[in-house]
Amino acid sequence: MKKTSVNCKALLDEFNVKYFHEKLFSWWKDHKRVYPWRFEKDPYKVLIAETFLHRTNSSQVEKIYKDFIKKFPEIKSLLKAKKEEILPLLQSLGWRWRQELFNKMILILREKYGGNIPLNYKELKSLPGIGDYIAAAVIIFTLNTPLPLLDSNIVRVTGRLFCLKITDSSRRSRLFRDYIYCFLYKNDPRVFYYVLIDFAALVCKPKNPDCNKCPFENICCFYNRHREGSHGIN
DNA sequence: GTCCCGTGAG
DNA sequence: CTCACCGGAC
């Protein structure tokens, strides 16, 4: 996702962003989820994980990720493999609609990039099956670069905290991109996004969020609106 | 905006 | 049975 020029002081003027960061990181100490692709800095492994996670529950990915990496520990071994060796490992992810994209991606990584994963946004995004989210995620999680990152969960937390109307297209909107970029803890983007994703999954859930466990209960726009009964779940 | 394979949770 | 899943292509 592209970096944007935005006046963060104006955008988040009424919020104490540092306070949010402290509370979130503090919460995360006791609640962080452990996945084999977490803190992985090998672009190949991050790309594989994020590709698998495409519209797929993380517990499903967890079941096959280690076996996949064990069989193809580096991109060279994957590039040498035949489709018939790869696809059976991915069947449980529901890959009929993604396997062709995955095959094309492997082909391009081999033919155009010589087995090196390009670590810039534009080239990553040009790969089949790689869009805004995965391109940014690969860069952020390998290089710890402060880029905006929006998936449905980050959208939900950001929208609720800052009173933004959430729609299906929020993850592609300029407004949300600006907000998450301003909200981002620039000193450690990688961990910031791990924190936010876990917080979204465990507390700020889509349905029945645990607002009583949330450190932002008092200042969360969503919570206060909901309590007043003027709006439904956003 | 709308569809998308499999799986598990409810 | 229905629904969502650390999104992307069309």
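Sequence lines set the chain letters: A, B, ... in the order given, protein chains first and strands last, and positions in each chain run from 1.
- Of the charged side-chain nitrogens involved, at least one lies within less than 4.0 Å of a carboxylate oxygen, so that A/Lys125 and A/Asp132 count as a salt-bridged pair.
- A/Phe199 and A/Ile166 fall within the same hydrophobic cluster, defined by Ile, Leu, Val, Met, Phe, Trp and Tyr side-chain heavy atoms under 4.5 Å apart, directly or through other members.
- Counting heavy atoms from C-beta on, the side chains of A/Tyr35 and A/Glu62 come closer than 4.5 Å.
- Comment: A/Asp67 does not engage A/Lys71 in a salt bridge, judged by the lack of any side-chain N to carboxylate O separation of less than 4.0 angstrom.
- The shortest distance between side-chain heavy atoms of A/Asn187 and A/Phe192 does not fall below 4.5 Å.
- Cys pair A/Cys182 and A/Cys8 passes the test of SG atoms under 2.5 Å apart.
- Rounded to whole Å, the C1' atom of C/dC3 lies 15 Å from the corresponding atom of B/dC5.
- If you walk DNA chain B from 5' to 3' and mark each nucleotide with an atom closer than 4.0 Å to a heavy atom of chain A, the marks span B/dG1 to B/dG8.
- Every residue two or more places apart in sequence or in another chain that forms a side chain to side chain contact (heavy atoms under 4.5 Å, CB included) with A/Lys122 is listed here: A/Asn120.
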Fill in the blank from the handout: Protein heavy-atom contacts under 4.0 Å, written 5' to 3' over nucleotides 2-10 of chain C as B (base), S (sugar-phosphate only) or - (none), form the string ---BBBBB-

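- For the C1' atoms, the distance from C/dC6 to B/dG1 is 23 Å, rounded to whole Å.
- Looking at which nucleotide of DNA chain B each of A/Ser169 and A/Gly94 is closest to, the 5′-most match is held by A/Ser169.
- Figure legend: A/Lys18 and A/Tyr185 shown without cation-pi pairing, the cationic atom not lying both under 6.0 angstrom from the six-membered ring centre and within 45 degrees of its axis.
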